Amino acid sequence: MPSPPTPTFWHDVWALVRTIPPGRVTSYGTVGAMLGSPRLARAVGWALHALPPGTDVPWQRVINARGRISFRGDDIRGMEQELRLRAEGVEFGPDGAVDWSRFGWPARGGD
DNA sequence: ATAATGACTGAAT
DNA sequence: AATTCAGCCATTA
């Protein structure tokens, strides 16, 4: 079902990101994997980069595979994202890394 | 159609 | 541990 060509790619990414519950975080690779391939990470990042301001997509809940914010250069956005995640209830470790097994999404069955 | 870029990822140096 | 190289996919020129 979700496997249309490219133009709708962004739409799929945003739709998936919208399904991320608050207090949870996921990685570009995970989102890409849900869309078809874990290597879509770059395309996913590109899709979020194209997000308009005032969007309803919680792009802040999407971070890199290490549970950290990477961005390249836009540190302002990165700090904003961290603050937003904290407001959602996400805790950052000593390195500023998120506990994937605790706030990662999809959430583990147990808990 | 080809080349270059990018909010990624993993392995190599 | 930090930096660099290379692979992958979608978008833009």
Side-chain angles (χ1 to χ4, degrees):
Chain A
M1 164 331 209
S3 275
T6 54
T8 55
F9 182 80
W10 291 2
H11 183 285
D12 291 348
V13 174
W14 305 338
L16 186 55
V17 172
R18 266 196 208 113
T19 64
I20 302 174
R24 288 297 205 264
V25 290
T26 192
S27 71
Y28 303 93
T30 300
V31 175
M34 291 185 181
L35 291 178
S37 274
R39 308 296 179 178
L40 286 169
R42 304 220 41 169
V44 172
W46 196 251
L48 295 181
H49 178 221
L51 271 171
T55 178
D56 42 0
V57 179
W59 55 271
Q60 61 231 42
R61 293 180 191 143
V62 185
I63 53 186
N64 63 6
R66 287 184 182 168
R68 256 188 107 127
I69 304 176
S70 292
F71 290 10
R72 304 178 181 181
D74 288 310
D75 6 350
I76 307 302
R77 277 223 159 139
M79 282 192 274
E80 287 273 334
Q81 178 169 19
E82 184 180 319
L83 293 174
R84 280 176 175 243
L85 290 176
R86 283 192 184 181
E88 297 270 314
V90 178
E91 298 176 31
F92 284 78
D95 311 351
V98 179
D99 188 339
W100 207 259
S101 55
R102 197 168 152 75
F103 301 100
W105 181 83
R108 304 284 176 171
D111 203 341

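Fair warning: this is a prediction, and the values are worked out from it, not measured in the lab. Chain A is the first sequence line, chain B the second, and so forth, proteins listed ahead of strands; every chain is numbered from 1.
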State which of [options] makes the closest approach to the side chain of [X].
X: A:Ala65; options: C:dT11, B:dG10, B:dA7; answer: B:dG10
X: A:His49; options: B:dA7, C:dT11, C:dC9; answer: B:dA7
X: A:Gln81; options: C:dA10, B:dA7, B:dT9; answer: B:dA7

**Message:** With a 3.5 Å distance limit and no angle check, can you tell me whether A:Ser27 reaches the backbone of A:Thr30 through a side-chain donor-acceptor pair?
**Reply:**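 Looks like yes, one N/O pair under 3.5 Å.
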**Request:** Please check if the distance between the ring centroids of A:Trp46 and A:His49 is under 6.0 Å.
**Result:**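 Under 6.0 Å, so yes.
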Rounded to whole angstroms, how far apart are [atom1] on [X] and [atom2] on [N]?
X: A:Leu40; N: B:dG10; atom1: CG; atom2: P; answer: 14 Å
X: A:Trp10; N: C:dA10; atom1: CH2; atom2: C1'; answer: 9 Å
X: A:Leu48; N: C:dT11; atom1: CG; atom2: C1'; answer: 14 Å
X: A:Arg68; N: B:dG10; atom1: CZ; atom2: C1'; answer: 17 Å
X: A:Trp14; N: C:dT11; atom1: CH2; atom2: C1'; answer: 13 Å
X: A:His11; N: C:dA10; atom1: NE2; atom2: P; answer: 17 Å
X: A:Asp12; N: C:dA10; atom1: CG; atom2: P; answer: 11 Å
X: A:Arg39; N: B:dA7; atom1: CZ; atom2: C1'; answer: 18 Å

**Message:** Reading DNA chain C from 5' onward, which residue's closest nucleotide shows up sooner: A:Ala43 or A:Arg66?
**Reply:**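 Final value for this comparison: A:Arg66.
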**Prompt:** Is any side-chain nitrogen or oxygen of A:Trp46 closer than 4.0 Å to OP1 or OP2 of C:dT12?
**Reply:**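 For C:dT12, OP1/OP2 do not have a side-chain N/O of A:Trp46 under 4.0 Å.
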**Request:** Would you mind checking if A:Glu88 and A:Arg84 are paired as a salt bridge, meaning a charged N to carboxylate O distance below 4.0 Å?
**Result:**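 A:Glu88 and A:Arg84: not salt-bridged.
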**Prompt:** Between A:Val25 and A:Trp100, is any pair of side-chain heavy atoms under 4.5 Å apart?
**Reply:**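 Yes. Closest side-chain heavy atoms under 4.5 Å.
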